[in-house]
Number of protein chains: 2
Amino acid sequence: MDQHVTQLKPILKKEKTRLLILDKAAQMFSQHGYQSTSLKDIAASAGMKAGSLYYHFASKEALMTEVLDKSMLLISDTVGEEIEKLDDGFTFEEGLHAYIFGHLTAILKHSDYTTTTIRNDGQVPEAVNKAVKVKREHYEEQWRKLMRQGKEEGAIRADLDETLLRLMILGASNWSSVWFKSGGHSIAELAKKFTQVFLKGCR
Amino acid sequence: MDQHVTQLKPILKKEKTRLLILDKAAQMFSQHGYQSTSLKDIAASAGMKAGSLYYHFASKEALMTEVLDKSMLLISDTVGEEIEKLDDGFTFEEGLHAYIFGHLTAILKHSDYTTTTIRNDGQVPEAVNKAVKVKREHYEEQWRKLMRQGKEEGAIRADLDETLLRLMILGASNWSSVWFKSGGHSIAELAKKFTQVFLKGCR
DNA sequence: GTCTATATTCAGATAGAC
DNA sequence: GTCTATCTGAATATAGAC
């Protein structure tokens with residue numbers, strides 16, 4: 001069996017444990033930060049002892065790197081899925097909604113992973129930061145492309161810096177991980193309101 | 001001399017050193033987070049040895065608590081100053097600009113302190129969190145008041161949740177601490193653009 | 001007021017038993 | 001695969017010299 005398939009649908013016990021550890025690590029990193037979380041804590045919440053983690057991961061840094069990698073993958077993939085649902089010649093308005101809905105969905109549905117990315121930015125060892133940088137920049141480039149489309153369509157008014165607009169949207173979206181509580185607004189509602197505000201705001 | 005005055009304009013050497021330590025601590029906490037910053041690092045950047053800090057502060061937690069307290073004070077005061085510049089019967093538009101300009105000014109001018117608050121939210125010992133909570137909630141209540149005014153004036157359209165709008169504005173503003181580099185947009189420019197986007201967006 | 005020296009605790013990581 | 005035991009280093013905090 002090739003490794004890609006194994007990663008998507010883990011059936012081996014070994015892989016199952018690995019993923020359990022990864023999930024628990026993401027949960028604790030997102031709640032208490034990288035440095036405040038000890039391997040003992042992670043191991044305990046996965047039902048193991050600290051030393052046992054080293055059978056699955058080479059180090060705490062390697063564990064964090066994988067959490068952050070998976071986080072970026074989740075965001076990219078979720079947004080990608082929303083974009084694929086659109087017709088080929090989608091408008092800026094349609095694209096903006098898809099991007100915001102995808103981004104919010106990833107942020108709020110997989111918040112253990114994504115909050116780890118958002119909250120620990122710059123607070124991890126340099127080696128970890130460097131390893132994730134490429135994927136983050138690739139994702140940001142997708143957003144830049146959307147903003148250029150908005151400019152070309154005239155949906156973003158000429159005197160509004162598109163970089164600034166992008167950072168406002170991402171800031172407002174990322175911050176939702178701080179205040180979002182399930183039970184209030186649905187993610188779909190949030191995405192609709194966010195899109196309305198920014199679409200009207202940038203014209 | 002009464003203590004209030006002493007706190008405002010420190011002239012005693014003892015107070016001067018205290019403030020130097022506080023500044024350096026804020027700087028390091030904001031850059032590397034609470035747990036990743038050691039007292040040895042803080043002491044070194046203040047030109048001292050770790051043990052000497054205990055003459056000025058009871059513990060690392062006490063030091064962090066004071067940094068966060070000062071951070072909230074800086075934000076509240078800066079926003080307050082902007083509001084006082086306005087005429088008594090200021091409109092929602094004027095108020096929104098003053099709040100955003102004040103908030104951004106505090107965030108970006110005293111970024112060592114304010115970034116510490118933003119980035120370490122929830123990642124500090126419970127005792128520290130609790131100590132700052134009251135001041136934060138008082139500040140948020142001021143924003144809520146502004147949003148109510150916007151609703152009453154009809155500047156915020158009926159079907160837009162004012163809580164959601166507030167969180168979007170604060171999210172976009174707080175996120176600026178992540179990407180802001182001096183030399184690009186000025187804070188005044190940022191405040192103007194932010195206000196335009198959100199004012200148009202919420203109508 | 002700041003220093004050195006040190007007590008104490010706990011972290012990440014490794015080795016070898018099972 | 002997971003355990004126990006342990007090494008090593010570093011952190012907060014304290015005590016007492018200067």
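Residue numbers start from 1 in every chain, and the chains themselves are labelled A, B, ... in the order their sequence lines are given, proteins ahead of strands.
- Close to D:dT12, at under 4.0 Å from its OP1 or OP2, lies a side-chain N or O of B:Lys60.
- At D:dA13, one or more side-chain N or O atoms of B:Tyr54 fall inside 4.0 Å of OP1 or OP2 (strictly under the cut-off).
- Each of A:Glu162, A:Glu141, A:Glu153 was compared with A:Arg148 under the salt bridge (charged side-chain N to carboxylate O under 4.0 Å, His left out) criterion, and only A:Glu141 meets it.
- Closest to the side chain of A:Lys49, out of D:dT2, D:dT4, C:dC3, is D:dT4.
- Checking D:dA13, C:dT2, C:dA11 against the side-chain heavy atoms of A:Lys40 singles out C:dA11 as nearest.
- Whole-Å rounding puts the B:Leu63 CG to D:dA11 P distance at 16 Å.
- Across the protein-nucleic acid pair, A:Asp41 atom CG and C:dC10 atom C1' stand 11 Å apart, rounded to whole Å.
- One interatomic measurement links the two molecules: CG of B:Leu53 to P of C:dG1, which rounds to 15 Å at whole-angstrom precision.
- The minimum heavy-atom distance between A:Thr114 and A:Ile107, with the atom names listed, is OG1-O, 2.9 Å.
- Distance CE (A:Met28) to P (C:dA11): 12 Å, rounded to an integer number of Å.
- One can place OH of B:Tyr55 at 16 Å from C1' of D:dA17, the figure rounded to the nearest angstrom.
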* Check the pair B:Arg144 / B:Gln149 against side chain to side chain donor-acceptor pair (under 3.5 Å), numbers first and verdict last. => CA-CA 9 Å; B:Arg144 279 192 209 98; B:Gln149 182 187 341; over 6 Å; no
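- Counting any heavy atom pair closer than 4.0 Å across all strands shown, B:Ser36 reaches no nucleic acid atom.
- Environment of CG in B:Asp159: crowded, with over 12 heavy atoms of neighbouring residues, nucleotides or ligands closer than 6.0 Å.
- For the pair B:Leu39 CG and C:dT2 C1', the computed distance is 15 Å after rounding to whole Å.
- Rounded to whole angstrom, the span from the CD atom of B:Gln35 across to the P atom of C:dA11 amounts to 10 Å.
- Residue B:Met48 has its side chain nearest to C:dT2 when only C:dT2, D:dT12, C:dG12 are considered.
- Rounded to whole Å, the distance from CZ on B:Arg18 to P on C:dT2 is 13 Å.
- For A:His103 and A:Tyr139, the gap between ring centers is short of 6.0 Å.
- Contact annotation: A:Ser52 side-chain N/O to D:dC3 OP1/OP2 distance is under 4.0 Å.
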